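All values below come from the heavy atoms of this structure, side chains included, with hydrogens, waters and symmetry mates left out. Nothing here was measured: the structure is a model prediction, and the numbers come from that model. Every chain is numbered from 1, with letters handed out A, B, ... down the list of sequences.
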Number of protein chains: 2
Amino acid sequence: MMSVEIFEGERVDYIIPDQLKIIQSPSVFTFSLDAVLLADFVYVPIQKGKLLDMCTGTGAIPLLLSRRTKGTITGIEIQNKLVSMAERSVALNELKDQISIQHKDILELEDELNEEYDVVTCNPPYFESKNPKDHHHNEHYAIARHEIYCSLDDVVRIAAKSLRNGGKAAFVHRPERLMDLLSLMRMYHLEPKRLQFVYPKQGKEANMILVEGSKGGKPDLKLLPPIIVYNESNEYTEEVLRAYGR
Amino acid sequence: MMSVEIFEGERVDYIIPDQLKIIQSPSVFTFSLDAVLLADFVYVPIQKGKLLDMCTGTGAIPLLLSRRTKGTITGIEIQNKLVSMAERSVALNELKDQISIQHKDILELEDELNEEYDVVTCNPPYFESKNPKDHHHNEHYAIARHEIYCSLDDVVRIAAKSLRNGGKAAFVHRPERLMDLLSLMRMYHLEPKRLQFVYPKQGKEANMILVEGSKGGKPDLKLLPPIIVYNESNEYTEEVLRAYGR
């Protein structure tokens with residue numbers, strides 16, 4: 001077993017029981033169901049390919065994707081503390097050959113990206129950044145959740161630029177931004193192809209959307225079966241447990 | 001009980017058991033679940049108001065809406081045979097004071113419509129009309145199902161023109177046209193506000209979408225709980241039976 005340093009406030013959790021560990025810190029950032037479902041939703045090439053996860057946080061999505069593909073995965077994150085945790089999680093899981101974490105602002109990366117990736121994923125900041133007073137009191141959570149350093153337009157535009165033609169971009173977001181997300185995807189020639197809605201319980205409104213687009217693709221949208229998160233006993237449903245690898 | 005003429009090939013069916021009848025002809029046109037779900041989905045003012053149903057066919061939607069509102073309902077249909085059946089169904093249900101059926105082409109109507117309606121519904125032709133060879137062999141079904149006499153752009157544009165500011169337009173369509181429908185709605189200032197997906201069975205892809213927009217509204221989309229049509233025994237689920245008034 002690889003050993004890495006764990007700093008104060010951090011802890012080692014399992015994403016996939018007994019198989020995949022992640023270092024996180026409740027006072028800085030912890031991964032959520034959104035990342036797990038996006039990593040399960042997105043198309044991936046199995047044998048090879050180049051995958052990119054923007055706004056990777058503590059690297060949950062690259063870690064999860066490593067179980068679905070032999071391709072190489074790059075995670076990009078703007079916050080230094082999260083990059084540090086993600087890098088150590090990669091080491092802890094002995095995935096350094098497959099996953100690299102870069103400490104960068106995706107906006108700075110825009111000129112470098114050159115239609116090279118097969119797949120791009122992003123679990124972007126969800127909330128528009130109009131009033132700093134509404135931001136999360138914790139700076140790290142605020143940056144991860146609010147469009148402080150990058151807007152939805154930035155995310156979709158840069159995802160499109162980084163993909164080869166025919167490459168896939170997959171996003172997770174909130175239903176109230178569905179229109180904006182779909183419009184931006186079409187604008188940047190990432191034609192939406194697969195759309196899935198996540199409902200917290202049967203009979204409740206959806207609270208999460210998963211969308212995958214194909215660069216330069218033709219209009220042909222499929223609406224996948226709904227994901228229901230909790231059953232009537234407030235336990236995870238089979239499909240969510242499966243996404244968590246149980 | 002009102003009596004009306006029933007012509008050869010026609011029959012009187014119930015939409016709502018023991019309560020609401022409809023004259024239809026299997027060789028010309030029969031209403032479908034799409035109309036029933038749209039009439040159940042759309043917002044309606046209860047006490048008064050002006051409602052418009054475009055491409056009304058045999059009038060299923062106006063008939064169903066009459067059970068939810070005291071407002072007046074106009075149904076517009078281009079096919080004479082369907083207009084005749086719709087008018088006689090209105091008479092048969094003694095709803096002439098509330099429902100009027102007009103034999104018109106909505107394209108001709110565009111100049112007359114003047115932001116007067118509170119609600120517009122439309123179950124439009126679903127299929128693009130690129131190749132006449134793909135059309136239904138039956139002319140009546142072909143006109144109802146293919147964009148022969150009106151395109152989706154026409155439908156959304158004219159719906160928008162007919163509505164007062166703040167009025168609601170609701171449409172039912174196929175998932176593969178979701179992007180086009182949402183884009184057109186935004187283009188014509190019918191901001192999508194409520195979106196609902198209809199899945200034939202649990203675990204299957206959606207095969208129908210219901211969308212409601214508000215004229216001049218602000219972006220704020222809600223994703224309603226999914227509708228599942230059939231249960232595991234291939235019987236209608238409770239929610240579909242409820243839409244059918246059972």
Taking NZ in B:K161 as the centre, count heavy atoms belonging to other residues, nucleotides or ligands within less than 6.0 Å. Is the count above 12? yes
Any side-chain heavy atom of A:E205 sitting closer than 4.5 Å to one from B:L224? yes
Do B:F197 and A:P226 have side chains that get closer than 4.5 Å, going by heavy atoms? no
If you count heavy-atom pairs within less than 4.5 Å of chain A, which of B:E239, B:K204, B:R174 leads? B:K204
Contacting region of B:E191 [heavy-atom separation from chain A under 4.5 Å]: side chain
Single hit among B:P192, B:S183, B:P219 for side-chain contact (heavy atoms from CB on, under 4.5 Å) with A:M179: B:P192
Within a reach of under 6.0 Å around NZ of A:K201, are more than 12 heavy atoms found that belong to other residues, nucleotides or ligands? yes
Is there side-chain contact between A:L182 and B:R186, with at least one heavy-atom pair below 4.5 Å? no
Rounding to 0.5 Å, atoms CD (A:E176) and CG (B:L223) come to a distance of 9.0 Å
Proximity breakdown for B:N207 and chain A, heavy-atom pairs closer than 4.5 Å: neither
Is it the case that atom CD in A:E238 sees more than 12 heavy atoms from other parts of the structure closer than 6.0 Å? no
Can you tell me how far CG of B:L181 sits from CG of A:L221, rounded to the nearest 0.5 angstrom? 11.5 Å
Non-hydrogen atoms of chain A under 4.5 Å away: do they reach the side chain of B:I227, the backbone, both or neither? neither
Does A:Q19 have more than 12 heavy atoms from other residues, nucleotides or ligands lying within 6.0 Å of its CD? yes
Measuring only between side-chain heavy atoms, which start at C-beta, is A:L178 closer than 4.5 Å to B:L195? yes
